[in-house]
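Reading through the structure tokens given below for one structure.
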There are 2 protein chains.
Amino acid sequence: MLGPITLRNAQPPARRDSDPANTLDHVDRQLLIALTEDAGVTNKALAGRLGLAESTCAYRVRALREAGIITGTRIQLDLALLGYPLQAIIMVRLGSHTMANVNQLYDALAATPGVVQAFHVAGADDFYLHVAVENAEALRDFVLQHVTSHRVVRQTETHLVFDVRGGAGVLTAPPGR
Amino acid sequence: MLGPITLRNAQPPARRDSDPANTLDHVDRQLLIALTEDAGVTNKALAGRLGLAESTCAYRVRALREAGIITGTRIQLDLALLGYPLQAIIMVRLGSHTMANVNQLYDALAATPGVVQAFHVAGADDFYLHVAVENAEALRDFVLQHVTSHRVVRQTETHLVFDVRGGAGVLTAPPGR
DNA sequence: TGTGAAATATAACGCTA
DNA sequence: TAGCGTTATATTTCACA
């Protein structure tokens with residue numbers, strides 16, 4: 001695996017400071033695309049796929065991590081197999097929008113078990129919560145116990161999720177190239 | 001890295017068939033939590049953290065993959081650093097809901113560059129698209145060129161995303177244990 | 001970019017409880 | 001059946017040319 005990196009002598013990331021996107025060349029882009037499809041690919045396979053030397057490939061991936069472009073790697077779980085087959089988007093609207101209220105609630109909601117992702121958004125609603133639960137009853141309990149129980153929450157709206165898909169992402173069509 | 005696996009003789013996943021969630025023991029749970037935090041952790045470190053033998057640790061992770069609980073690993077990208085600092089949720093409502101219409105549009109939207117995630121939902125709206133774009137102009141163009149350009153799309157509503165966070169996930173509080 | 005050597009990870013095996 | 005330790009193989013990492 002292209003694991004944690006500690007650079008000792010070289011200083012690769014200097015190049016992507018002020019305008020990172022424009023310093024990403026075609027090879028970097030291809031690397032990111034390949035790694036987005038499967039982060040578990042070995043350096044050898046990755047190098048072979050792009051026609052790079054293994055040493056070069058490892059170096060560039062390391063540089064992408066150092067530059068902060070790649071922020072980490074996550075596993076993907078089958079939530080249904082884990083016993084949480086029901087997903088929903090819960091839209092949360094506050095009654096009071098002081099900075100403290102908003103931030104505290106955001107922290108609390110994101111830390112609530114069952115929350116897969118939390119969006120802080122502009123507009124009439126304040127947060128969208130993507131949650132996964134065991135069943136309809138658990139969903140009701142989730143909203144009552146962990147969302148509307150917060151004083152600042154004025155209103156919620158729960159939308160059942162039939163399906164979620166990872167999208168194409170941003171890397172398929174180079175922006176300025 | 002706990003990479004792609006090709007089992008040759010052993011058949012580990014037999015145990016989690018009919019009721020997978022209930023066969024997940026505490027060790028599996030801890031493994032998934034650790035891997036969710038950082039999928040790039042080495043097997044050695046993972047084994048050490050949980051107090052398992054390395055061989056056992058590797059075996060269990062492999063079994064989780066074989067069972068389909070772990071469906072893959074993805075890298076996380078800093079979208080802003082990549083030149084896409086603006087994120088939005090676009091709610092999409094159709095005018096006609098034939099199965100073919102819905103599925104075709106879902107496919108098309110998910111495959112559109114810039115789409116990070118696509119939700120197919122119940123209710124008045126049909127899809128929520130989480131998108132990342134270069135700037136406000138690109139967002140407008142995205143909606144006009146890639147969403148409302150589809151005939152079946154009756155209405156869209158775009159909500160700016162201030163911030164997204166990964167939530168606590170489903171694994172922090174064991175369900176039946 | 002390539003090479004080689006050391007460190008590490010993985011897969012497979014046999015043994016134990 | 002699950003866990004452990006060992007071995008052989010594969011892979012990564014790092015230093016140097």
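Naming: A, B, ... by sequence-line order, numbering from 1 per chain.
Whole-Å rounding puts the B:R65 CZ to C:dA11 P distance at 10 Å. Rounded to whole Å, the distance from CG on A:N43 to C1' on D:dT12 is 7 Å. In this structure, OH of B:Y59 is placed 14 Å from C1' of C:dC13, rounded to the nearest angstrom. Computed from coordinates, the B:R60 CZ to C:dA11 P distance equals 17 Å when rounded to whole Å. When rounded to the nearest whole Å, the span between NZ of B:K44 and P of C:dA9 equals 6 Å. B:D28 places its CG atom 13 Å from the C1' atom of D:dG3, with the value rounded to the nearest Å.
Applying the side-chain contact (heavy atoms from CB on, under 4.5 Å) test between B:L129 and each of B:I89, B:V147, B:T158 identifies B:V147 as the sole match.
Looking at heavy atoms from C-beta onward, B:L46 lies out of side-chain contact with B:L52 at the 4.5 angstrom threshold. At least one side-chain heavy atom of B:F127 sits under 4.5 Å from a side-chain heavy atom of B:V102. Contact annotation: the side chain of A:V131 approaches that of A:V115 to within less than 4.5 Å [non-hydrogen atoms, C-beta and beyond].
Separation of the B:F119 and A:H159 ring centroids does not fall under the 6.0 Å cut-off.
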Between N or O atoms, less than 3.5 Å apart, protein on one side and nucleotides 2-5 of chain C on the other: list the pairs.
from  : atom 1 : to    : atom 2 : distance (Å)
C:dG2 : N7     : A:S55 : OG     : 3.1

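Applying the salt bridge (Lys or Arg N to Asp or Glu O under 4.0 Å) definition to pairs two or more places apart or across chains, those involving residues 101-127 of chain B are A:R165-B:D107, B:R93-B:D125.
Contact annotation: A:R62 side-chain N/O to D:dT13 OP1/OP2 distance is not under 4.0 Å.
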